[in-house]
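Here is the structure we will look at, set down as structure tokens.
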Amino acid sequence: MQPVTAVQSEYSLWWRRPEDELFATLEQLGIGFVPCSPLGRGFLTGAIDQNTTFAKDDFRNIIPRFTPEARSANQGLVDLLKAIADRKNATAAQIALAWLLAQKPWIALAWLLAQKPWIAPIPGTTKVTRLQENLGALDIELTDADLAEIEAAAELIKVEGGRYPEALERRTNL
């Protein structure tokens, strides 16, 4: 028998179920959490809108959240991130990541200092410039008022579209 070292799951303003179903248990047991897709597969960066087209082999083509209608309906979340980003001289992606880091203070430490190596967010990228942008989130300080604004707006925005097609969602067990 092998111990569980880490659990990887999507976690972002778009998918917050790990807060309700995982965090307390993982923290209590010292099991790692690897939040993937913290930028909502690119949507929370503001670079994708209802008019964006994806390459034929892009996985987002089969994700219900990425239909043009769902992207249009979910734009309010991106608009909120952009508004805060403008005030902070940052990008929407940096605000989305800063929000993630603010949820559990130990996430930021783990990412930067490896003080709690069992928490390691992975905002995926293939470009050095995006990596540098992502790391810039560590310099963003979201105030209590900023976080309250994000929470209040997020509660009003019902994310449209499933995070996976139904058959794939059943496999995730989350």
Side-chain angles (χ1 to χ4, degrees), residues 7-23 33-104 107 111 121-127 129-131 133-137 140 142-174:
V7 172
Q8 179 177 327
S9 175
E10 181 175 347
Y11 180 53
S12 69
L13 280 166
W14 241 12
W15 184 255
R16 296 180 65 176
R17 194 178 295 170
E19 293 174 348
D20 300 329
E21 299 181 4
L22 282 178
F23 279 5
F33 181 66
V34 180
C36 62
S37 297
L39 298 175
R41 290 184 170 73
F43 184 75
L44 298 176
T45 68
I48 297 170
D49 64 21
Q50 68 271 14
N51 299 314
T52 302
T53 57
F54 301 107
K56 288 185 180 193
D57 62 344
D58 192 311
F59 181 67
R60 292 172 288 192
N61 284 317
I62 67 167
I63 298 177
R65 269 189 201 165
F66 282 92
T67 65
E69 300 79 20
R71 285 182 270 157
S72 181
N74 296 327
Q75 186 62 40
L77 197 50
V78 174
D79 293 343
L80 169 69
L81 293 172
K82 285 181 175 181
I84 294 171
D86 287 346
R87 292 195 313 254
K88 300 280 185 181
N89 196 28
T91 66
Q94 289 171 328
I95 299 301
L97 291 170
W99 172 86
L100 173 90
L101 298 173
Q103 299 312 296
K104 295 283 186 179
I107 291 176
W111 196 18
I122 50 173
T125 184
T126 59
K127 297 176 178 73
T129 57
R130 292 294 179 229
L131 175 61
E133 177 184 357
N134 291 345
L135 289 172
I140 306 296
L142 295 177
T143 66
D144 290 341
D146 295 330
L147 293 169
E149 179 183 1
I150 292 169
E151 287 299 319
E155 286 179 18
L156 297 175
I157 299 168
K158 180 185 178 293
V159 175
E160 294 295 326
R163 71 180 183 140
Y164 293 117
E166 194 173 312
L168 288 177
E169 184 66 39
R170 282 193 302 269
R171 292 173 153 185
T172 69
N173 204 23
L174 262 182

For this session: Could you go through the salt bridge (Lys or Arg N to Asp or Glu O under 4.0 Å) check for Arg65 and Glu160 one step at a time?
Result: CA-CA 6 Å; Arg65 269 189 201 165; Glu160 294 295 326; over 6 Å; no

Seminar exercise, completed: One should read off an interatomic distance between Phe43 CZ and Thr52 OG1, to the nearest 0.5 angstrom, of 8.5 Å

Problem set entry | Donor-acceptor contact below 3.5 Å, side chain Asn134 vs main chain Gln94 | no

Problem set entry | Heavy-atom side-chain proximity of Ile150 to Leu142 below 4.5 angstrom | yes

For this session: Check the surroundings of atom CG in Asp20: do more than 12 heavy atoms from other residues, nucleotides or ligands lie under 6.0 Å from it?
Result: yes

Exercise. Do you know the tightest heavy-atom contact between Pro38 and Leu44?
Worked result: O-CD1, 3.8 Å

Problem set entry | Distance, nearest 0.5 Å, that separates CG of Leu97 from CG of Leu13 | 10.0 Å

Problem set entry | Heavy-atom pair of closest approach, residues Gly162 and Pro64 | N-CB, 3.4 Å

Problem set entry | Straight-line distance of Asp146 CG to Ile140 CD1, nearest 0.5 Å | 10.0 Å

For this session: Calculate, to the nearest 0.5 Å, the distance between atoms CG and CD1 belonging to Leu39 and Ile95 respectively.
Result: 12.0 Å

For this session: Using the six-membered ring wherever Trp is involved, compare the ring planes of Tyr11 and Trp99 and label them parallel, tilted or perpendicular (cut-offs 30° and 60°).
Result: tilted

Problem set entry | Minimal non-hydrogen separation, Ala85 against Ala92, with atom names | CB-N, 3.7 Å

Exercise. Can you tell me if Asn74 uses its side chain to pair, donor with acceptor, with the backbone of Ala70 under 3.5 Å?
Worked result: yes

Problem set entry | Flag, side chain of Arg60 to backbone of Phe66, donor-acceptor distance under 3.5 Å | no

Exercise. So, does Asp58 use its side chain to make a donor-acceptor pair with the main chain of Ala55 at under 3.5 Å?
Worked result: no

Exercise. Below 4.5 Å, heavy atoms only, C-beta onward: do Pro68 and Arg71 meet side chain to side chain?
Worked result: yes

Problem set entry | Within-4.5 Å side-chain heavy-atom neighbours: Ile48 and Phe54 | yes

For this session: Evaluate the side-chain proximity of Ser12 to Leu100: yes if any heavy-atom separation is below 4.5 Å, no if none is.
Result: no

Exercise. Around Asn51, counting heavy atoms of other residues, nucleotides and ligands shown, do more than 12 lie under 6.0 Å from its CG?
Worked result: yes

Exercise. Looking at Glu10 and Arg16, does any basic side-chain N land under 4.0 Å from a carboxylate oxygen?
Worked result: no

Exercise. Do the non-hydrogen side-chain atoms of Lys82 and Thr45 ever get within less than 4.5 Å of each other?
Worked result: no

Exercise. Does the side chain of Cys36 come within less than 4.5 Å of Ser9's, by heavy atoms?
Worked result: no

Exercise. Which heavy atom of Gly76 sits nearest a heavy atom of Ile157, and at what distance?
Worked result: C-CD1, 3.6 Å

For this session: Looking only at non-hydrogen atoms, find the nearest pair between Lys56 and Asn61 and report the distance.
Result: O-ND2, 3.5 Å

Problem set entry | Closest non-hydrogen atom pair between Trp14 and Leu77, with its separation | CD1-CD2, 3.8 Å

For this session: Determine, stepwise, if the pair Arg87 / Glu149 fulfils salt bridge (Lys or Arg N to Asp or Glu O under 4.0 Å).
Result: CA-CA 13 Å; Arg87 292 195 313 254; Glu149 179 183 1; 2.6 Å; yes

Problem set entry | Spacing of Gln50 atom CD and Gln75 atom CD [to the nearest 0.5 Å] | 6.5 Å

Exercise. Would you say the side-chain atoms of Ser37 pair up with the backbone N or O of Gly40, donor to acceptor, closer than 3.5 Å?
Worked result: no

